[in-house]
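Computed from a predicted structure; not experimentally measured.
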Amino acid sequence: MINLGYACINTKLSGLPKSKRITTNRTMIKRTFEQKGIKYASELALANVRDLKKIIQWNEDHNIKFYRLSSEMFPWASEYNIEDLPDFENIARIMGEAGDLANKYGQRLTTHPGPFNKLASPKEKVVLSTITDLEIHGKMLDLLKQPRTPQAKINIHVGAAYGDKPMALGNFNRNFERLSDAVKTRLTVENDDKKSLYSTHELYDGVHKKIGIPITFDFHHHKFRNDGETEEEALRLAVSTWGNITPVVHYSQSRSVEYNDPKIKENAHSDTYWEPVNTYGLDLDVMLECKGKEIGLFKMRQLLT
DNA sequence: CATGGTCAAGTGGCA
DNA sequence: TGCCACTTGACCATG
């Protein structure tokens, strides 16, 4: 079975007139945060989590059972404890309700913290801010009553080599132990899209074998970084790391192909799809990373029929 | 050598 | 209403 999901933004709901706009991405620039502080952060977060409930309902109404949560639900969350937000009680209650709703509908909720998360960095400061960000994601999923398993994954890249992959992988695996259970139980790693970084096979040997976390296979990234193994081989290797949890894979197509424009980088994501994902008959949850979000999902449904 | 774009993901804030 | 700046890391292509 192929279960399709989309990431963070519902273009239809976020495109509504401003007064009716439904989004979980309300944030602010640094200057505003310095002026208005956590009181305003609290207001934005409250509006965001209210809208999360609406998005979960919308997804159900459109038979979508897989959704990636925004990492921006709490603006500037690295600068405060979310429990200290003036509206925290309300926020926590609404998140509980949102989680109940998703659980009732059998929807899978996952996260993908941003590219600034570098657990392999030799710089302690970078590792500390990474831990902070990951812990926010763990707390978010706890508040949403999501399982402490990769079912509700927190997916990141190793994402850097520093000219010394064994060193970087060692850092990654060692720093993993510094995370709380809320994060460790959910963490997954994704294959990179750069020649100098990590293939599925390298993650299997360098991370999965060492600390046991599953590998999220990204079809698009595999085209740019592989060890000569076929897509199917890499996919099956990643799938083997998930145990009894349905594996997540990422699927996107090239924007430069879509626009027939060589100036656009090959690894940039397309707006929509023109080729169906090939899951090789495996039972997978496919996260669609096109810019067109739920519109791309509907297109993929057509392509698969 | 410096800049901009990519991953993630567009949005806020002001002219 | 348009458009530019915007927290964070690291890497790579282009000028």
Completion exercise
Between A:Arg186 and the options A:Thr149, A:Asn155, A:Asp142, A:Thr111, the side chain to side chain donor-acceptor pair (under 3.5 Å) test singles out A:Asp142
Say you pick atom [atom1] in [N] and the same atom in [M]; how far apart are they, in whole Å?
{"N": "B:dA9", "M": "C:dC6", "atom1": "C1'", "value": "12 Å"}
{"N": "C:dT8", "M": "B:dT6", "atom1": "C1'", "value": "16 Å"}
{"N": "C:dT7", "M": "B:dG13", "atom1": "P", "value": "10 Å"}
{"N": "B:dA8", "M": "C:dC3", "atom1": "P", "value": "27 Å"}
{"N": "B:dG4", "M": "C:dC4", "atom1": "C1'", "value": "15 Å"}

Fill in the blank from the handout: So the contacted stretch of DNA chain C, first to last nucleotide with an atom under 4.0 Å from a non-hydrogen atom of chain A, runs from C:dT7 to C:dA13
Completion exercise
Ranking A:His157 and A:Gln35 by the position along DNA chain B of their nearest nucleotide, the one closer to 5' is A:His157
Rounded distance (Å) that lies between atom [atom2] of [N] and atom [atom1] of [X]:
{"X": "A:Glu72", "N": "B:dG10", "atom1": "CD", "atom2": "P", "value": "9 Å"}
{"X": "A:Asp271", "N": "B:dG10", "atom1": "CG", "atom2": "C1'", "value": "13 Å"}
{"X": "A:Ile29", "N": "B:dG10", "atom1": "CD1", "atom2": "C1'", "value": "14 Å"}
{"X": "A:Met28", "N": "B:dG13", "atom1": "CE", "atom2": "P", "value": "8 Å"}

Under 4.0 Å between any heavy atoms, over every strand shown, what does [X] touch: base, sugar-phosphate, or nothing? Just pick one.
{"X": "A:Lys30", "value": "sugar-phosphate"}
{"X": "A:Arg21", "value": "sugar-phosphate"}
{"X": "A:Lys123", "value": "sugar-phosphate"}
{"X": "A:Lys293", "value": "sugar-phosphate"}
{"X": "A:Ser121", "value": "sugar-phosphate"}
{"X": "A:Thr27", "value": "sugar-phosphate"}
{"X": "A:Thr32", "value": "sugar-phosphate"}
{"X": "A:Tyr162", "value": "sugar-phosphate"}

Practice task
Check whether any side-chain N or O of A:Asp192 sits under 3.5 Å from a backbone N or O of A:Lys194 as a donor-acceptor pair, and report yes or no.
Solution key: no
Problem - Proximity to the side chain of A:Ile9 - top-ranked nucleotide from B:dG10, B:dA8, B:dG5 - result: B:dG10
Just wondering, are more than 12 heavy atoms of other shown residues or ligands nearer than 6.0 Å to [atom1] in [X]?
{"X": "A:His201", "atom1": "NE2", "answer": "no"}
{"X": "A:Glu232", "atom1": "CD", "answer": "yes"}
{"X": "A:Lys223", "atom1": "NZ", "answer": "yes"}
{"X": "A:Glu89", "atom1": "CD", "answer": "no"}

Think [X] has a side-chain N or O under 4.0 angstrom from the OP1 or OP2 of [N]?
{"X": "A:His269", "N": "B:dA8", "answer": "yes"}
{"X": "A:Arg68", "N": "B:dA9", "answer": "yes"}
{"X": "A:Arg31", "N": "B:dC14", "answer": "yes"}

Practice task
Quick one: closest heavy-atom pair of A:Asp87 and A:Ser42, and the distance?
Solution key: OD2-OG, 2.6 Å
Practice task
Take the angle between the ring planes of A:His157 and A:His112 and call it parallel below 30°, perpendicular above 60°, tilted in between.
Solution key: parallel
Practice task
Please state whether the rings of A:Phe219 and A:Tyr251 are parallel, tilted or perpendicular, taking 30° and 60° as the class boundaries.
Solution key: perpendicular
Handout entry: DNA chain C stem ranges, 3 or more consecutive Watson-Crick or G-U pairs under 3.5 angstrom
Key = B:1-7 with C:9-15, B:10-15 with C:1-6
Fill in the blank from the handout: Which of A:Lys53, A:Arg50, A:Lys104 passes salt bridge (charged side-chain N to carboxylate O under 4.0 Å, His left out) with A:Glu97? Answer is A:Lys53
Fill in the blank from the handout: Interatomic distance, CH2@A:Trp76 vs OG1@A:Thr32, rounded to 0.5 Å, equals 9.5 Å
